Structure formats: structure tokens, C-alpha cells
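For reference, the structure is listed below as C-alpha cells.
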Amino acid sequence: MDKYIYFAADEPKETVRVLEGKAKDWFTGVSDSSYLSKIERSWRAYYGDYYGSNDSAHNISFGGESGEIVNLAVNHYRNLARHIHVMVTGTRPAFQCRAINTDKQSLIQAKLGNGLLDYYMREMRLEEVLKQAVEYAIILGSGYVKMEWNSSKGEVYDYIEPDPESIVSVDEEGNGLDKQGMIVEPFAIHQGDIDYSLVSPYDVVFDSTKEYYDKNEWVVVRSKINKYDLIAKYPEFSEELRDVDTVDKHSKARGSSPYSKRNETDDIFVKEFFHKRTASMPNGKYMLYVNEEVILETTVLPYRDLPIYRITPSSIIGTPYGYTDMFDLLPLQEMLNSMYSTAATNIQA
């Protein structure tokens, strides 16, 4: 890497290499500062897992050298978190479009905008995604919503015929086959629509040297996508994508969920890099990649700003990390568990 070239303006492979290094440093930083372990403790406390085993999270278990200690958890932590969540989300967000001008066309457009907002909030379940993001923020300190344009959604309005060179043989019914023996079909062009998804703090990497999250110039988001869907969309990378390890092969899955580690899946981790329009990157940048060897897309930023929106109860001053008051209740809940366990142990004895 040329030290005089900004990493985002460098060659795609070099940019991905730097981003992979930054992601590794980011996770090392949040681990060394115990921020990551705090998030994991809060997640486990929310689901009653206080004694290191999810199997015994909702049972009375026994500890000590010969099982003489009763482990009893009375989960006030989740109850308080749920009350906070209901208080925050009990009133529906009141978005409303207003016309800057008073002419008839502007007023009609504002009315149409209100109708679209109501449609996406109700029918497209944006309201549910926002509620889930609030739940993430209360428990994990931060919740993120990724909102972008999905060209694969909506009705089909046209087709692109396949490249004749991609057809290497023909089956008995006359269908063209590629070199993998798959039927080569016309590529459907959809109308497109807004797409939004919930993102956890485990799947977002940004510049941790910034004092505020809003000051970040770039962000990397990790998502799970079925590798065969990617192969269908990017057939030129079919061989490379088949060799990529699925998420169940990774040591840390999203949310450190104990339920997702026992099942095999075809999903793989795919990363998206968004860079704002700045003096050094006047057109911004967008990259979709799996690793240095599998870079699926590289183009200018197709949005006005970063399409990753964060919600957090508050921020740790001087850092871009989110903070929730539930962190303060963790030791109190652990002390309550200890007191209940002591009483139960005496009763058992």
C-alpha cells in the first residue's frame, strides 16, 4: 500500500485488505476494553443465562464441589428492559410530510408522501424493524438499521437475454446449460424498492477514533446471505463463492447465539463498505465483497449519505460507542441472584 494514497481511493483489493485489518483491530479494541464482553453479558442476562449454560438458564441448577450450592436466578433484568422497551415504543413514530410551498402540486406530493410513509410503516413492517432496533439499543447499547435500494424487489418489467458464450451445452428439452450444468435463463429486471434490515453491533465496523458515530466517514456492515443466491446473481464468481466457509464454520456468529451453532447453513458472511462523499472521495464509494479475492461490486456511493442509521440510549463521551443504562443493572442483578441462591441453598440444606 502506498502511504500517500488514501485507502478508500486505492485499488479494490488493497482497499479490502486494509478494511479487513481495520475490522480485526476494531474487534480487538472492543474486546480489550471489555466493551464486547459487557454486551455479551447483557445479552445473556436478558435471556436468563447467568450460570454459563443456556440449557440451565430456566432451571434450578447446582454448583460447588458436590452440588451443595443452589444456583437460582430471578430475572428482574429482563423485566425492567421489557418495561423500558414498551415505554419507548408504545407511541408510534409520528412522521409527517410537509409541503414547503403552498401550490397545489406540492400539497398533493405531501399527501402522497404521508401515504407512502404509512404504507412502509404498516405493510412493509418498517415499524417492527425500528422496534427491534430499540430492543437492540436497550440491551446491547446500540441498534442499527440498514436502509438501501434493492434492485431485485418489485415487479419484473423487462428481461435481459443471457450471453450466448455462457451456454456450453443443451439439455433434452432445448434449454441452454452453463459449464456447471445449470439452466441459463434470462435475467429479470425488477422495478426495485426500498429494503431495510436490522443490524447488530457485532456486524458493524467503523472508525473508532472518532468522538461521535455521526462523524464517521465510512462504515462496514456484515450480512448473512445464501451463497447460492449470490452465485445466481454473480455467476462469474460461482467457483470462488462455493469455496467460502458458511457462517456456522465461524467461531463468532451474530449475537453469540447458542442456538445457531448447532445447525448447518448455506449462508455466508458478505460485507458492504460505504464511504461518504468527502474532499478525498468526491463521489464516495461502495463495495460489496467477501474477501480480497471475491469482490462482487465496486462503484460510487449510490446514496446521499451513509445508509446505516444508529439508535442508542446514549454515547460514551469521547467515543463512538453506545451506552445503555441496563449495563448499570448487571452487577445488581448478579447480586440478587447470589442472595436468592444463598437463601435457596440454606433451605435445601
Side-chain angles (χ1 to χ4, degrees), residues 27-90 128 130-144 198-203 247-248 250-265 311-316 319 321-349:
F27 279 106
T28 300
V30 293
S31 296
D32 292 345
S33 64
S34 299
Y35 184 75
L36 193 61
S37 65
K38 192 180 300 183
I39 291 176
E40 292 178 348
R41 285 175 57 212
S42 182
W43 185 90
R44 293 188 178 278
Y46 188 58
Y47 293 104
D49 183 8
Y50 292 102
Y51 297 107
S53 174
N54 189 267
D55 295 334
S56 61
H58 302 95
N59 299 317
I60 295 177
S61 60
F62 298 89
E65 295 182 359
S66 56
E68 74 279 5
I69 299 176
V70 177
N71 294 326
L72 176 61
V74 180
N75 199 2
H76 294 285
Y77 191 85
R78 178 179 176 86
N79 184 41
L80 291 171
R82 295 299 297 170
H83 274 79
I84 295 173
H85 186 260
V86 170
M87 291 174 63
V88 174
T89 61
E128 294 300 318
L130 294 176
K131 287 182 178 180
Q132 290 174 343
V134 172
E135 186 177 21
Y136 271 45
I138 294 170
I139 306 305
L140 307 179
S142 298
Y144 299 85
L198 183 67
V199 184
S200 80
Y202 290 91
D203 298 320
V247 297
D248 56 296
H250 289 258
S251 60
K252 184 173 288 298
R254 172 181 300 179
S256 297
S257 171
Y259 303 101
S260 60
K261 298 178 182 179
R262 303 174 184 175
N263 303 316
E264 295 183 357
T265 177
I311 180 171
T312 181
S314 62
S315 296
I316 301 176
T319 77
Y321 301 118
Y323 189 88
T324 170
D325 294 339
M326 296 304 297
F327 291 161
D328 300 327
L329 300 182
L330 277 171
L332 297 178
Q333 176 64 61
E334 291 170 355
M335 177 56 71
L336 278 174
N337 290 342
S338 178
M339 293 169 62
Y340 282 117
S341 297
T342 300
T345 298
N346 293 334
I347 294 172
Q348 178 74 11

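Because the structure is a prediction, the values reported are computed rather than measured.
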- Query: Would you say Asn79's side chain and Asn75's backbone share a donor-acceptor pair under 3.5 angstrom?
  - Reply: no

- Sequence neighbours excluded, which residues qualify as ring-ring contact (aromatic ring centres under 6.0 Å, His included) partners of Tyr144? Tyr213

- Task: Return yes if a side-chain donor-acceptor contact under 3.5 Å exists between Tyr35 and Glu40, otherwise no.
- Result: no

- Task: Evaluate side chain to side chain donor-acceptor pair (under 3.5 Å) for Tyr46 paired with Arg41, printing each intermediate quantity in order.
- Result: CA-CA 9 Å; Tyr46 188 58; Arg41 285 175 57 212; over 6 Å; no

- Item | Exercise: identify the closest heavy-atom pair between Ser142 and Pro201 | O-CG, 3.2 Å

- Item | Spatial distance of atom CH2 (Trp43) from atom OH (Tyr202) [nearest 0.5 Å] | 8.0 Å

- Item | Where Gln132 and Leu198 come nearest, the two heavy atoms and their spacing | CB-CD2, 3.6 Å

- So, the side chain of Gln348 versus the backbone of Ile69: is there a donor-acceptor pair under 3.5 Å, distance only? no

- Query: Say you draw a straight line from CG of Leu329 to OG1 of Thr324; how long is it, rounded to the nearest 0.5 Å?
  - Reply: 8.0 Å

- Heavy-atom closest contact (Ala137 atom, Ile311 atom, distance): CB-O, 3.4 Å

- Query: Under the side chain to side chain contact (heavy atoms under 4.5 Å, CB included) criterion, do Val30 and Tyr321 qualify, and how do the steps go?
  - Reply: CA-CA 9 Å; Val30 293; Tyr321 301 118; 3.8 Å; yes

- Message: Could you tell me if Arg44 and Tyr77 have a donor-acceptor pair between their side chains, going purely by distance under 3.5 Å?
- Response: no

- Walk me through it: do Thr342 and Asn346 pass the test side chain to side chain contact (heavy atoms under 4.5 Å, CB included)? CA-CA 6 Å; Thr342 300; Asn346 293 334; 4.0 Å; yes

- Message: When you measure from the side chain of Asn337 to the backbone of Val74, do you find a donor-acceptor pair of N or O atoms at a distance under 3.5 Å?
- Response: yes

- Here the pair of heavy atoms bringing Gly141 nearest to Thr312 is O-OG1, 2.6 Å

- Roughly how far apart are Leu80 CG and Asp325 CG, rounded to 0.5 Å? 11.5 Å

- Measure from the side-chain N and O atoms of Ser42 to the backbone N and O of Ile139, and report whether any donor-acceptor pair falls under 3.5 Å. yes

- Task: Return yes if some donor-acceptor pair links the side-chain N/O of His83 with the main-chain N/O of Arg78 below 3.5 Å, else return no.
- Result: no

- Between the CD1 atom in Ile138 and the CE atom in Met87, the distance rounded to the nearest 0.5 Å is 10.0 Å

- Closest approach of Val70 and Ser341, non-hydrogen atoms and distance? O-CB, 3.0 Å

- Item | Thr345 vs Glu68, side chain to side chain contact (heavy atoms under 4.5 Å, CB included): CA-CA, chis, key distance, verdict | CA-CA 7 Å; Thr345 298; Glu68 74 279 5; 5.9 Å; no

- How close do His76 and Gln333 get, heavy atom to heavy atom, and via which atoms? N-OE1, 3.0 Å

- Leu72 CG to Ile347 CD1 distance, which is reported to the nearest 0.5 Å: 9.0 Å

- Query: Partners of Phe327 by ring-ring contact (aromatic ring centres under 6.0 Å, His included), sequence neighbours excluded?
  - Reply: Tyr323

